[in-house]
Every structure is written in structure tokens, then in C-alpha cells.
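See below for the structure under consideration.
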2 protein chains.
Amino acid sequence: MTQQRSEETRNQIVSAAVDVFCRCGYDAASVAEICSLAGVSKGAFYHHFPSKKTLFLAIIQGWLREVDERLNALRDSDVPVSQALLQMTRAIETVFSDASGQLPMFLEFMVQASRDKTVWEATIAPYQAYQSRFAAMLEQGKTEGSIQETEDAQASAWVLIAFAVGVLLQGVVLPDTADWKTIAGRGMGMLVESMQRSKE
Amino acid sequence: MTQQRSEETRNQIVSAAVDVFCRCGYDAASVAEICSLAGVSKGAFYHHFPSKKTLFLAIIQGWLREVDERLNALRDSDVPVSQALLQMTRAIETVFSDASGQLPMFLEFMVQASRDKTVWEATIAPYQAYQSRFAAMLEQGKTEGSIQETEDAQASAWVLIAFAVGVLLQGVVLPDTADWKTIAGRGMGMLVESMQRSKE
DNA sequence: TAATAAAAACCGACCAGTCGGTCGGTATTT
DNA sequence: AAATACCGACCGACTGGTCGGTTTTTATTA
């Protein structure tokens, strides 16, 4: 129901914005530069987005939705939970590969979320959803027997997420210092291994 | 050999800057606001620091030096490595407690380091030193027998640091969502436990 | 110890430049 | 012709940093 040209410029604005946000961060990214990179005037920009923040939020939400879909796609198999977790690590490797140019925006998300209430609400809700999903997986693992742990799955789920977040951020800050894909796999392996045994 | 008043205003500028950097981030923190909060004029500011960035770097280096000293203080005991690692987790808890107000600056460090070469060099060198120290500890653990792992200690050291970083950042973004001290201890326990056993 | 000169610390009005955002108008679609 | 898409000069607010001048501290004399 909508104009082709309009949609095209909108996409150009978004992808230019991702680029500039990655390079400069939210505050230092100027609307003028985004427009220039997108080959579009300021008028067009503010025709599509009421403000810089709105654009940022739109990008966040698109990103989160995509991650959500990826996780969904990986979940429904019938392999044991312990194996599914390791498979998810391989999904992280994918993230490193084909979103590596956009990785710095993940950092920017967290930064803005920690300071701006609007961003926080948009970012955090799905974030907690991820944690809930992991916790549910762990519970399922308990009942199916591939995971034996006595303590609560909630905390363990946060441990997994904290590790994943840590690896991602290290990958942003020190991209060439270590092979982060390997380290992601190794750490996840250690955590899963620990969960497969009962705590004395 | 130096002026008392001068040192005092310098300290006031620094602590005001920490506050503002935490609240607003580096870019959005204005020199004027820092000055106002410190009860000091702009002239005084630029008398003590040649630029905003210099001040930021000074704060980073002070912070890193402090962390380094803490780690040093915890290392030299003669307990097994596996236990020493768990003790370090308790050091993280300390960080959460008494530096909790300044935690957001850790995020800011990483952000700026990922974008500004000067900041990167200042931040990253000591960072890698931490990793080296952990790796050395793990090697020592192998020879002393409290740790049995076949693969390289370098990667494992990065796993530990990635997890620690992840927990810290989660604590910044979601301070009230979970008990991060507990989660830090739990995750570290899992990782150490995994390293105490030989891989299949 | 008091006077004094030099140096260091500090003040705040000011500057050039950038920012996000506006708006009256033009081009393109429907 | 009406609506949507787009243009770009322009605006007020604010930025990091400067600079000529004042106050305070320190060092040096007498």
C-alpha cells in the first residue's frame, strides 16, 4: 500500500544510520552525516523519523526482533538441552561473522539503555525474555535428564547470558586479540559441562 | 612540594567528572556541567587539564591502577589456584558494592576504547595484562595439580575475563533484575569446577 | 617579620563551530 | 488536484576551548 521510492529512502537512512552509529556512537552521530551518507536531505530524514532517538529505537527493535527469530529457529529441535545450548554457541559464531560490522551497535544499545529510560524499556523487555527462555530450557533439561543441577535455573540462565554478553563485548573492543568464536564455544562448553554434573 | 588548594580543586574536578560521565556518558558530558558541579570555573578546569579527553584518560588510568593493586593484593597467598579464583570473585562483589555508583564508567571506558585510539591504547594494555596474569595463574594451577585441563590456558583466561566483564555490564544495565554478586560467584564456580576436571 | 616580586591558581565573558530540529517551498505520486 | 515525498536554508541552543585579567600562594629579599 505504500510508495516504493519512500521505502527505499527509508532503508537508505536506516542503513546509513547503522553505519554512523557504529563508527561514532549515538551522541556523536550527527543527523547531517547520516543524511549525507544516505544521499538524502534533512527534510527527508525528518519526514520519515520524528527524531534521531526514534530512528535509534527503530533500529534497536529491528535488531532484537531478528535475534529473537534466530533463537526461535534454533530451539524447536528435539535434541537434548545440553546439546541445544552448544548449538546456540554456534549461532553466536554466526553473529560474529555476518553482523561483525554492526557489532559496535550492540555496545551502543547497552550504553543508551543504561541512561535513557525510553531506550531501556525497549531494549530490556526482550532481553529478559531471552533469559526466561534459557531458564525454561534449563528446566526442561532437568526433567529430561541431560542437566543435573540442584540450584535455580534462573541464576544459571543469567550466567549463560552474562558470558555471552561478555564475549560479544570483548569481540567489539579487542577484535583481533583472540579468536572469540573459539572462546565462546569453549566457555559455553565449560558451563554446560558443569551443569551436566550434579553439585556434590 | 605542591599547593594544597590546587590539589583540592583538582580532586573536586575529577570526582565531579566521574559523576557526570557516569550519568551522561563522555560525549554528552559537558565541561561546563562538570565545572559547575565541582564549584569551579572553566579557567580552573583548563588550568588542570588541557582537554576533556585528557581528564577522561586520567580517570581511566587511575581506575585501572586501582584494580591492578586489588588483584595484586589478592594473588600472593599460597592457597590453591582454584580457590584463589573463587576468592577473586569475592573481590568482584566488593567492586559491585563500593564502586557501584561509578560502575557505568566502566561501560563508558569500553565504548570510548572501541572508538578512540588514544583511549584504546591506555585501556587495553593493562587489560591484556589481566589476561596474562589469569593465564599464568591457570598454568600454575596445572603444575600444582588443582587444575586439570588439556587445552591452552590463554583461552581459558579469556573465558574467565569475558564472564567477569559480562556480569559487570549486566549489573550496569539491569542493576535490580538479579543478584549479580550471587551470579558472579555461581558462574565462576561453574567455570572453576569445569577446569578442575580433565576433559573426557 | 614585613614588604615585595614572581609564579601559580583561578575567574568568566567570549568565540567559532556544531548540533537537532523547523519550515516554506518544490517535485513526484496517486 | 490532493497528498505524499523531498529539499535545504535557517534557527536557537549548546559545545569545547581561549584569553586577558584578578586573586592567592610561594619565594626572595631586607
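Taking the side-chain hydrogen bond (donor to acceptor under 3.5 Å, both in side chains) definition, one finds that B:Y130 meets it with nothing, sequence neighbours left out.
In this structure, the CZ atom of A:F49 is 14 Å from the C1' atom of D:dA5, given to the nearest Å.
Checked for salt-bridge contact, B:R133 and B:D68 meet the test: a charged N lies under 4.0 Å from a carboxylate O.
For residues 4-25 of chain B, the ring pair (Phe, Tyr, Trp, His ring centres under 6.0 Å) pairs, not counting sequence neighbours, are B:F21-B:Y26, B:F21-B:F56.
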Check: What string of B, S and - do you get for nucleotides 6-18 of chain D, 5' to 3', if B is base contact, S is sugar-phosphate-only contact and - is no contact with any protein heavy atom under 4.0 Å?
Finding: SBB------SBBB
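Side-chain contact between A:L160 and A:M88 is absent, with no heavy-atom pair separated by less than 4.5 Å.
Checking side-chain atoms of B:Q131 against main-chain N and O of B:Q154 turns up a donor-acceptor pair under 3.5 Å.
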